[in-house]
Visitor: 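Below: one structure in structure tokens.
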2 protein chains.
Amino acid sequence: MTDRQDIHSSGIPALCAACEARHRGVCGALEPAQLVALSKTSSKQRVQPGAELVGDEETVDHYSNILSGVVKLTKTLSDGRQQIVGLQFAPDFLGRPFRSESAANAEAATEVSLCSFPRATIERMLRESPQLEHRILTQTLKELDEARDWMVTLGRKTAAEKVASFLLLIARNIDPARAAGAEGISFDLPLTRADIADFLGLTIETVSRQLTRLRTDGVISIEHNRQVFVGNLSRLEARSGI
Amino acid sequence: MTDRQDIHSSGIPALCAACEARHRGVCGALEPAQLVALSKTSSKQRVQPGAELVGDEETVDHYSNILSGVVKLTKTLSDGRQQIVGLQFAPDFLGRPFRSESAANAEAATEVSLCSFPRATIERMLRESPQLEHRILTQTLKELDEARDWMVTLGRKTAAEKVASFLLLIARNIDPARAAGAEGISFDLPLTRADIADFLGLTIETVSRQLTRLRTDGVISIEHNRQVFVGNLSRLEARSGI
DNA sequence: CGCGCTGTTGATCGGGTTCAACGCAAGTGG
DNA sequence: CCACTTGCGTTGAACCCGATCAACAGCGCG
């Protein structure tokens with residue numbers, strides 16, 4: 001284990017200097033020399049909502065760090081029924097290591113900025129750097145915990161509880177600091193009603209009705225369809241069926 | 001990377017000699033010397049169905065390999081609604097690394113035999129052996145894939161499709177070789193109707209009805225409530241809503 | 001035997017889906 | 001500038017799948 005201090009010394013690629021993924025993301029596990037090597041083949045990009053990042057069952061040729069925005073992972077049944085199986089936020093690592101084929105479709109839910117690397121580079125570094133693999137493991141465990149929490153929501157909660165749980169999830173991911181506090185919080189929904197329905201295993205009509213119900217009950221207020229204000233988070237929690 | 005051959009040479013603890021976890025499980029990542037060290041503190045045990053292996057939010061003091069049987073991971077809402085969020089089979093590793101508290105309750109669904117180790121030992125070896133961590137990562141990724149597949153089932157499939165999917169899942173885990181083939185397969189359900197319901201996000205009545213429907217439609221036959229015979233797996237697949 | 005446990009079957013109910021109409025805001029092109 | 005379209009969201013009415021409530025059957029066991 002090298003001194004972590006050197007991360008802050010010179011030798012950091014300009015591209016990475018102000019990058020959040022270097023602190024909280026997987027790049028935090030890399031030493032300056034590795035960062036330099038990686039940044040040589042990396043490229044930042046910005047994509048629009050709806051852009052497909054990784055096609056289902058498509059061979060994956062690159063991995064990415066999410067620098068901003070929200071990415072949805074979806075699975076689709078042959079007859080078109082769709083389910084969102086994961087949401088990823090900055091500074092998550094995007095891609096399924098050790099498998100050339102993706103198990104799910106990754107799509108930008110909002111405008112997303114990415115820093116992507118060729119698959120071969122990451123896989124070489126994974127072999128060389130146990131710290132990197134450790135970071136990946138940590139994130140994977142986190143995703144597994146989240147997936148299992150969500151299975152409870154999908155399997156056992158009512159529509160009203162699902163929608164409340166969803167709002168809490170978003171609030172906590174968009175603004176963790178504020179969501180921990182007790183006062184009000186406002187945020188933009190990163191998903192359309194259709195996406196929320198696909199996430200919750202509901203129809204858009206039900207999502208819409210539950211949102212208006214929360215609104216008329218004074219738990220939330222909504223502007224421009226997307227901007228949500230929650231005056232009292234604990235009232236929302238009480239409806240989420242903890 | 002050391003020569004894998006030496007795994008089969010002498011120096012293997014007697015306890016591990018015939019152990020499946022040494023081949024397909026995490027112990028396969030360990031060198032003989034590490035195996036010896038680990039086996040000094042490990043203990044095999046056999047528990048009855050219903051035994052609680054890891055309590056929810058309980059501090060975890062040991063990890064285990066599943067040698068035989070089926071373990072269910074459950075989550076429970078405050079009002080008692082329950083959801084099974086994972087099933088583990090031999091030779092899976094049981095326990096949530098890097099977190100002293102478990103996120104879910106682990107319970108023996110069938111009679112289960114385990115080989116367990118003190119938490120401290122595993123965590124030390126994880127620090128020393130990247131190969132071990134790699135195995136854990138591989139299993140975690142597999143569990144994440146399974147969890148996401150199951151989210152589609154929970155969120156988007158009908159009761160009939162859920163039950164068919166469940167039978168396929170069990171068939172494939174109990175007897176992977178046979179389930180890959182085209183002919184018939186028979187197996188024992190490792191779960192009660194109540195467990196199946198908790199796994200599928202249904203009630204026991206609905207599970208029962210769907211099973212009898214599959215039976216009267218000639219897709220499966222059931223004896224002694226638990227033993228299932230599937231004459232034609234593709235007929236079952238057709239009903240699973242792939 | 002009676003008892004408890006697990007599973008099945010029936011009757012009824014209700015939450016969420018489905019189908020359909022409508023509102024509203026942002027283009028788009030004459 | 002205004003008519004038209006298109007996409008997204010809301011609301012209403014009817015229906016249906018799965019939940020709920022209830023009775024009962026099989027089976028091991030004291």
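Residue numbers start from 1 in every chain, and the chains themselves are labelled A, B, ... in the order their sequence lines are given, proteins ahead of strands.
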Visitor: Would you mind reading off the distance between B/Asp198 atom CG and C/dG7 atom P, rounded to a whole angstrom?
Guide: 12 Å

Visitor: If I take atom CG in residue A/Asp195 and atom P in nucleotide D/dC8, what distance separates them, rounded to the nearest angstrom?
Guide: 10 Å

Visitor: Looking at five pairs on each end of the helix from C/dC1-D/dG30 to C/dG30-D/dC1, what is the angle between the two axes, given to 10 degrees?
Guide: 20°

Visitor: Side chains of B/Ser68 and B/Ser113: any donor to acceptor distance under 3.5 Å?
Guide: yes

Visitor: Could you state the CZ-P distance from B/Arg215 to C/dG7, rounded to the nearest angstrom?
Guide: 13 Å

Visitor: Can you measure from CG (B/Asp195) to CD1 (B/Ile204) and round to the nearest 0.5 angstrom?
Guide: 11.0 Å

Visitor: For B/Gln83 and B/Asp198, does a side-chain donor sit closer than 3.5 Å to a side-chain acceptor?
Guide: no

Visitor: More than 12 foreign heavy atoms under 6.0 Å from CZ of A/Arg119: is that the case here?
Guide: yes

Visitor: Should we say atom CZ of B/Arg178 is surrounded by more than 12 heavy atoms from elsewhere, each under 6.0 Å from it?
Guide: no

Visitor: May I ask you to check whether B/Glu107 and B/Thr74 show a side-chain donor-acceptor distance below 3.5 Å?
Guide: no

Visitor: Can you tell me how far P of D/dT10 sits from CG of A/Leu211, to the nearest Å?
Guide: 6 Å

Visitor: Whole Å only: how far is the CZ atom of B/Arg226 from the P atom of D/dC27?
Guide: 15 Å

Visitor: Within the 3.5 Å criterion, strictly below it, is a donor on B/Thr153 or B/Ser165 matched to an acceptor on the partner's side chain?
Guide: no

Visitor: Between A/Asn105, A/Thr110, A/Leu87, which is the residue that forms a side-chain contact (heavy atoms from CB on, under 4.5 Å) with A/Lys72?
Guide: A/Leu87

Visitor: Drop me the distance from A/Lys142's NZ to B/Leu144's CG, to the nearest 0.5 angstrom.
Guide: 11.5 Å

Visitor: B/Gln82 and B/Thr76: side-chain donor and acceptor closer than 3.5 Å?
Guide: yes

Visitor: Rounded to whole angstroms, how far apart are CD1 on B/Ile204 and P on C/dG7?
Guide: 8 Å

Visitor: Could you state the atom-to-atom distance from CG of B/Leu191 to P of C/dG7 in whole Å?
Guide: 10 Å

Visitor: Any chance you could list the contact pattern along nucleotides 14-22 of chain C? Use B for base contacts, S for sugar-phosphate-only contacts and - for none, protein heavy atoms under 4.0 Å, 5' to 3'.
Guide: --SBBBB--

Visitor: With a 4.0 Å heavy-atom cut-off, tell me which residues in residues 216-224 of chain A come close to DNA chain D, sorted by residue number.
Guide: none

Visitor: Answer yes or no: is there an ion pair linking B/Glu223 with B/Arg215, defined by an N-O contact shorter than 4.0 Å?
Guide: no

Visitor: Rounding to an integer number of Å, can you tell me how far A/Gln227 CD sits from D/dG9 P?
Guide: 15 Å

